[in-house]
Amino acid sequence: MSIQKPKGTQDLLPGVVEKWQYIEEKARDICARFNYKEIRSPIFENTELFQRGVGETTDIVEKEMYTFLDKGDRSMSLRPEGTAGVVRAYVENKLYGEPDIAKLYYIGPMFRYEQPQAGRYRQFHQFGIEAFGSTDPSLDAEVIAMGYLFYKELGLQGVRVEINSVGNPSCRSVYREELQKFFAPVKDQLCKDCQSRYDRNPMRILDCKKDQAHGVGAPSILDFLDEECSTHFEKVQRHLTDMGIEYEINPRMVRGLDYYTHTAFEYKCAGIGAIDTISGGGRYNGLVEQIGGDDQPGVGFGLGLERVLLVLEAQAVAIPAGRPLDAYMIGMGEQAEAEVAKLLFRLRAAGLTAEKDYQGRKMKAQMKSADRMQARFVAIIGDEELAQGVIALKNMATGEQVKVTFEEMVTALSDK
RNA sequence: GCGGUCGUGGCGAAGGGGUUAACGCAUCGGUCUGUGGCUCCGACAUUCGUGGGUUCAAGUCCCAUCGAUCGCCCCA
């Protein structure tokens, strides 16, 4: 067997790649309207960045990173998510010194060594935004609203917004202890997974899919928020309501990255097998400092593009087709073929999309080819046309055929 | 890391131990010596993911391995 693509990766071939371009275009457009600027950071970083940024105890860092030693014995990792690298770039380039807050976005591949399944790949793509430098709840709400609008403008139906507040590190640690106290007496009745969650991350027990009953009567994080955290959370909600964004509060929501503070949110939608979360994000006020910068707050989302595609497909949302072919040129005979090559270049230089045959096929086969490519016109040159200095233009939709001079060709093709 | 299902031409798909590997679509050629979407005719897998084993005989049975797919953990 010849070499195959690495497990969990995809070749995006012509026919599909146009969908990606369309989605990326939509992302860039919405970023422009919200005034987010693109940032391109490396696809690999020092491993330590992710250990510190994403969190040593997260599954991502513990078992899902593509880590390797480079030739200088430095430990490098392919980025498993987008935020850490952007934060690093923000700090390294001292963007906090700018007068306005930094509103950045990225689109690109991320890598996690996981077992692939529906909506999950080892190389996947995210469109994400990060806004640094403000704790204003209206910024949290803006980020949430922007993701929502992105899905809406793509034509996705049934996207739900769930929000939660995970508080700050101090209210969270109190809550964590309370949760462990709550579960301690029933620990051995919990499912196997939840027993291991008990120590690692008791909040996940609430999110257990096997047994929703686990969390009945359990304390809610929202009751442990301090003054500042609950005020922030209330203001975020008010802003969302003012913008007309519908949301649900899910006090059981837990995110997979350690860095979140205050607002955490997810977008959910059916259509990708067992997975319903299509993206998520939140505020991360301690992260910039943890990466070695000033104490600058941040908030953002990371949105899975494969999941967007899958839901678009599940909902059969039409995606605009790529650019059609204006003309397919056919030359009969050596001299005519040379003329075709020349005119083809002229058409292309004039901004038209044009194609010819390169396999020496019969005219009939070339016509079929033009039909397959959905060419609007077929331009034919044979001995007769050559002698008259004209070209036969056939409209493939109507079947009409007219003769035009070489000079008239470009305009004839342009305005139809 | 664990579990289920699957792996036959460019694509879809039959064949479940016996010697020439159905069929459909697509493609190419002809019918139509220079005109597509229709018809009819013809061509198109020394080979069944890979490696090993069982057998007189293996796409067909067994083992391993790789991959796809779905699910668990976790996540986008």
Side-chain angles (χ1 to χ4, degrees), chain A residues 1-10 13 15 54-55 57-64 79-83 107-128 147 191-197 200-201 204 207-210 253-257 266-269 272-281 301-311 328-333 336 357 359-386 392-401:
Chain A
M1 193 61 190
S2 49
I3 299 172
Q4 294 171 284
K5 68 183 183 304
K7 188 180 182 125
T9 63
Q10 289 177 290
L13 306 176
V54 180
T57 62
T58 58
D59 276 24
I60 293 178
V61 168
E62 269 186 358
K63 49 186 202 190
E64 295 172 2
R79 62 184 187 195
E81 56 95 55
T83 303
I107 301 178
M110 307 293 162
F111 305 84
R112 288 183 203 169
Y113 192 89
E114 291 188 274
Q115 230 34 256
Q117 72 181 65
R120 183 205 274 164
Y121 301 87
R122 287 188 172 179
Q123 174 175 340
F124 60 101
H125 299 78
Q126 284 191 337
F127 155 42
C191 67
K192 194 178 76 227
D193 291 328
C194 283
Q195 294 195 18
S196 72
R197 288 180 179 124
R200 288 180 48 123
N201 192 345
R204 290 215 176 283
D207 210 27
C208 181
K209 288 174 199 97
K210 272 187 206 143
M253 187 174 79
V254 186
R255 305 248 57 232
L257 301 102
E266 290 185 350
Y267 301 94
K268 296 195 171 181
C269 188
I272 318 177
I275 294 167
D276 64 347
T277 301
I278 51 177
S279 54
F301 65 63
L303 189 151
L305 295 186
E306 281 77 4
R307 292 187 181 178
V308 171
L309 249 314
L310 286 167
V311 177
Y328 187 100
M329 298 196 73
I330 301 175
M332 307 297 297
D357 169 75
Q359 298 173 98
R361 288 184 299 190
K362 299 270 164 58
M363 182 175 196
K364 188 186 171 77
Q366 295 193 44
M367 288 298 294
K368 276 192 167 185
S369 197
D371 190 43
R372 224 179 290 132
M373 293 180 194
Q374 297 181 50
R376 293 164 53 231
F377 287 89
V378 168
I380 304 161
I381 306 181
D383 294 338
E384 206 179 302
E385 286 82 8
L386 211 50
L393 267 193
K394 178 169 183 171
N395 182 320
M396 293 297 273
T398 64
E400 287 175 310
Q401 191 162 317

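Throughout, a chain's letter reflects where its sequence line sits, starting with A, and its residues are numbered from 1. These figures come from a predicted structure and were not determined experimentally.
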*For A:Ile278, which contact category applies under a 4.0 Å heavy-atom criterion: base, sugar-phosphate, or nothing?*
sugar-phosphate

*Quick one: are A:Arg122 and A:Pro6 in side-chain contact, heavy atoms under 4.5 Å?*
no

*Integer-rounded Å distance: B:C28 P and A:Lys362 NZ*: 12 Å

*Send over the distance from A:Glu64 CD to B:C72 P, rounded to a whole Å.*
15 Å

*Let me know the distance between CD1 of A:Ile3 and C1' of B:G49, rounded to the nearest Å.*
15 Å

_I'd like to compare against my own output: the B/S/- annotation of nucleotides 35-42 of chain B with a strict under-4.0 Å heavy-atom distance to protein._
BBB-----

*Heavy-atom closest pair, residues A:Gly304 and A:Ser279*: N-CB, 4.1 Å

*Quick one: label A:Arg112 by what it contacts on the DNA or RNA (base, sugar-phosphate, nothing), any heavy atom closer than 4.0 Å.*
base

*How close or far is atom C1' of B:A76 from atom CG of A:Leu309, stated in whole angstroms?*
13 Å

Please output the side-chain donor-acceptor pairs of residues 107-115 of chain A that fall under 3.5 Å, not counting sequence neighbours, one pair per line with the distance.
from: A:Arg112; atom 1: NE; to: A:Pro80; atom 2: O; distance (Å): 2.7
from: A:Arg112; atom 1: NH2; to: A:Pro80; atom 2: O; distance (Å): 3.0
from: A:Gln115; atom 1: OE1; to: A:Lys7; atom 2: NZ; distance (Å): 3.4

*Could you give the distance separating B:C25 and B:C66 at their C1' atoms, to the nearest angstrom?*
29 Å

*Spacing between A:Gln126 atom CD and B:C75 atom C1', to the nearest angstrom*: 10 Å

*asked:* If you compare every side-chain N and O of A:Arg255 against the phosphate oxygens of B:C75 (OP1, OP2), does one of them come in below 4.0 Å?
replied: no

*State which residues pass salt bridge (Lys or Arg N to Asp or Glu O under 4.0 Å) with A:Lys364; sequence neighbours excluded, sorted by chain then number.*
none

*Looking only at atom P, what distance separates B:U20 and B:C62, rounded to whole Å?*
25 Å

*Find which nucleotide of RNA chain B each of A:Arg307 and A:Tyr113 is nearest to by heavy atoms, and output the residue with the more 5' nucleotide.*
A:Tyr113

*Would you mind reading off the distance between A:Leu13 atom CG and B:G10 atom P, rounded to a whole angstrom?*
15 Å

*Given the rule that a pair is Watson-Crick or G-U wobble with both distances under 3.5 Å, how would you write RNA chain B in dot-bracket, using | for pairs to a different strand?*
((((((((.[[[..)..(....]]].((((.........)))).....[[[[[..)....]]]]])))))))....

_Whole angstrom value for the distance that separates C1' of B:C74 from CG of A:Asp276_ = 14 Å

*What is the distance, rounded to the nearest whole Å, between atom CD of A:Glu114 and atom C1' of B:C72?*
12 Å

*Reckon A:Glu306 touches a base, only the sugar-phosphate, or nothing at all at heavy-atom distances under 4.0 Å?*
nothing

Could you write out each protein N or O paired with an N or O of nucleotides 67-71 of chain B at a distance under 3.5 Å?
from: B:A68; atom 1: OP1; to: A:Gly8; atom 2: N; distance (Å): 3.3
from: B:C70; atom 1: OP2; to: A:Ala118; atom 2: N; distance (Å): 3.1
from: B:G71; atom 1: OP1; to: A:Ala274; atom 2: N; distance (Å): 2.5
from: B:G71; atom 1: OP2; to: A:Ala118; atom 2: N; distance (Å): 3.4

*asked:* Within the 4.5 Å heavy-atom criterion, are A:Arg307 and A:Arg120 side-chain neighbours or not?
replied: yes

*asked:* Would B:G42 be called syn or anti here, given the cut-off of 90° from 0?
replied: anti

*Sugar-phosphate, base or nothing in reach of A:Leu257, heavy atoms under 4.0 Å*: sugar-phosphate

*Start at the 5' end of RNA chain B and walk down; is the nucleotide closest to A:Ala365 or to A:Ile381 reached first?*
A:Ala365

*For A:Thr277, what residues pass the side chain to side chain contact (heavy atoms under 4.5 Å, CB included) criterion, not counting sequence neighbours?*
A:Glu266, A:Lys268

